[in-house]
Amino acid sequence: MEYEKWRDDIFGQPVGSDPVMLDLLPETYSVAPDEHFAHVDRTLSDPQIHELFNSDQIGTGLQLIYSNSCSDICFCYIKAGDEARRVSGIAKLNDLYAKYFDRYCLSPVGSIGNDHLNGGIGYLCYMLWDLFVLYPGNASPAMVSAALGVMSNALQMKNDNCIVSAIHGLGHWATDVPRAPQVLRQWLRKPTTTNPTVISYAKEATTGCVL
């Protein structure tokens, strides 16, 4: 399936659509994991998406890609290619934060979980590491390391929504991956935000206590 047709199906859904209830094209459902993976990687660097679709459509499209309750696309991260391919794809999630979450998730963080202020993309930003298919139990050490690298990089951003997303993910991984709380404690020594709500959340997350 050509990338442009795949992209338009994923991101061209009507405004206000519920991504859980959407029916995609039959061709989209028949795409193999390796091809999905290639298209997803391309999506993360495709500037045309921001010109062709509005923020609501982009939020819906990203949920279709990354939420395993909306489609099977995200399973490419654990099924496609070999370990090296999966690691490179996980590392490319840095672009999801830098080119999507940082661009569209702009509401101030006044309380944790108030992600609806940024629409569907805000929900995905906060819940990414809950909705995403990857977790320590189904990832190799190299894949876990790549995911921790993405979360660590997000902690260094100036966008509180991106920081909270990373804290949320690291908190969920804290009991299974000793390095996760270490990353949080290191960040707390020199946080990249002065927002007391975010800093308090990070302290809680070091114990694995996250909303």
Side-chain angles (χ1 to χ4, degrees), residues 3-4 6-24 28 36-37 39-77 89-134 147 150-151 153-172 192-193 195 197-198 201 210-211:
Y3 167 72
E4 287 77 10
W6 179 94
R7 177 194 65 192
D8 293 350
D9 190 30
I10 298 295
F11 290 97
Q13 299 296 327
V15 172
S17 296
D18 180 350
V20 176
M21 303 299 293
L22 284 172
D23 287 323
L24 299 173
T28 304
H36 274 311
F37 215 175
H39 289 344
V40 170
D41 275 1
R42 187 169 172 183
T43 289
L44 295 176
S45 301
D46 184 356
Q48 283 195 312
I49 288 175
H50 307 288
E51 300 170 4
L52 295 172
F53 311 104
N54 62 36
S55 60
D56 182 274
Q57 291 174 304
I58 290 172
T60 297
L62 291 176
Q63 287 182 75
L64 285 169
I65 292 172
Y66 288 105
S67 173
N68 63 28
S69 64
C70 297
S71 82
D72 292 336
I73 295 173
C74 61
F75 283 88
C76 66
Y77 282 87
I90 293 165
K92 198 163 176 56
L93 292 174
N94 285 303
D95 284 341
L96 178 63
Y97 278 93
K99 298 180 180 180
Y100 287 91
F101 293 159
D102 187 48
R103 180 171 183 156
Y104 295 104
C105 300
L106 302 176
S107 295
V109 175
S111 62
I112 300 302
N114 202 18
D115 46 273
H116 67 276
L117 294 176
N118 292 301
I121 195 169
Y123 173 73
L124 180 67
C125 178
Y126 176 63
M127 292 292 289
L128 177 65
W129 299 99
D130 278 292
L131 302 173
F132 193 34
V133 69
L134 188 72
V150 172
M151 295 184 230
N153 289 339
L155 285 178
Q156 301 306 313
M157 298 176 72
K158 302 302 182 183
N159 185 313
D160 280 354
N161 294 281
C162 294
I163 294 170
V164 167
S165 173
I167 293 171
H168 191 180
L170 290 164
H172 278 303
T192 50
T193 181
N195 188 325
T197 299
V198 178
Y201 188 50
V210 289
L211 296 173

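In this structure, the side-chain hydrogen bond (donor to acceptor under 3.5 Å, both in side chains) partners of K92, at least two apart in sequence or on a different chain, are S45, D95. With sequence neighbours left out, the side chain to side chain contact (heavy atoms under 4.5 Å, CB included) criterion links H36 to W6, T28, V31, I73, C76. Taking R42 as the reference, E4 meet the salt bridge (Lys or Arg N to Asp or Glu O under 4.0 Å) condition, with sequence neighbours excluded. Listed by chain and residue number, nothing satisfies the ring pair (Phe, Tyr, Trp, His ring centres under 6.0 Å) test with F75 (two or more places apart in sequence, or in another chain). The ring pair (Phe, Tyr, Trp, His ring centres under 6.0 Å) test applied to Y201 returns no partner, not counting sequence neighbours. When the salt bridge (Lys or Arg N to Asp or Glu O under 4.0 Å) test is applied to D160, no partner is found at least two apart in sequence or on another chain. In this structure A147 satisfies the side chain to side chain contact (heavy atoms under 4.5 Å, CB included) test together with I90, W129, L134, M151, W173, sequence neighbours excluded. Residues satisfying the side-chain hydrogen bond (donor to acceptor under 3.5 Å, both in side chains) test with H168, not counting sequence neighbours, are D130, H172. By the side-chain hydrogen bond (donor to acceptor under 3.5 Å, both in side chains) test, T43 is found to be paired with no residue, residues two or more places apart in sequence or in another chain being considered. S55 is linked by a side-chain hydrogen bond (donor to acceptor under 3.5 Å, both in side chains) to nothing, counting only residues two or more places apart in sequence or in another chain.
The backbone N or O of L64 lies less than 3.5 Å from a partner atom in the side chain of S71, making a donor-acceptor pair. For the pair T192 (side chain) and L155 (backbone), a donor-acceptor distance under 3.5 Å is present. Side-chain atoms of N161 do not come within 3.5 Å of backbone N or O of G122 as any donor-acceptor pair. The main-chain N or O of C125 is found under 3.5 Å from a side-chain atom of S165 such that the two form a donor-acceptor pair.
The line from CZ of F101 to CD1 of I121 is 6.0 Å long, rounded to the nearest 0.5 Å. In this structure, CD1 in I65 is found 13.5 Å from CG in D72, a value given to the nearest 0.5 Å. Note that CG of D56 is 11.5 Å distant from OH of Y104, once rounded to the nearest 0.5 Å. We find the CD1-CZ distance between I49 and F11 to be 4.0 Å, quoted to the nearest 0.5 Å. The distance from the CG atom of L62 to the OG atom of S67 is 11.5 Å, given to the nearest 0.5 Å.
Note on residues 8-20: no pairs pass salt bridge (charged side-chain N to carboxylate O under 4.0 Å, His left out), not counting sequence neighbours. Screening residues 45-54 for salt bridge (charged side-chain N to carboxylate O under 4.0 Å, His left out), with sequence neighbours left out, gives R7-D46.
Looking only at side-chain heavy atoms (C-beta outward), Q48 and F53 stay at 4.5 Å or farther from each other. With contacts defined as side-chain heavy-atom distances shorter than 4.5 Å, the pair L124/Y100 does not qualify. For the pair Y123/L131, a side-chain contact is recorded, criterion being any heavy-atom separation below 4.5 Å from C-beta on. Annotation: side chain of L24 is in contact with side chain of Q13 (closest heavy-atom distance under 4.5 Å). Between N153 and Q156, the closest side-chain pair of non-hydrogen atoms is not below 4.5 Å. Counting heavy atoms from C-beta on, the side chains of V150 and L96 never come closer than 4.5 Å.
In terms of heavy atoms, Y97 sits closest to A166 at OH-N, 4.2 Å. Taking both residues in full, the closest heavy atoms of C162 and D102 are given as SG-N, 3.8 Å, listed atom of the first, atom of the second, then distance. Closest approach of N195 and T193 over heavy atoms only: N-OG1, 3.1 Å.
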Would H50 and I58 count as a side chain to side chain contact (heavy atoms under 4.5 Å, CB included) if you check the C-alpha gap in whole Å, the side-chain angles of each, and the deciding distance to 0.1 Å? CA-CA 8 Å; H50 307 288; I58 290 172; 4.1 Å; yes
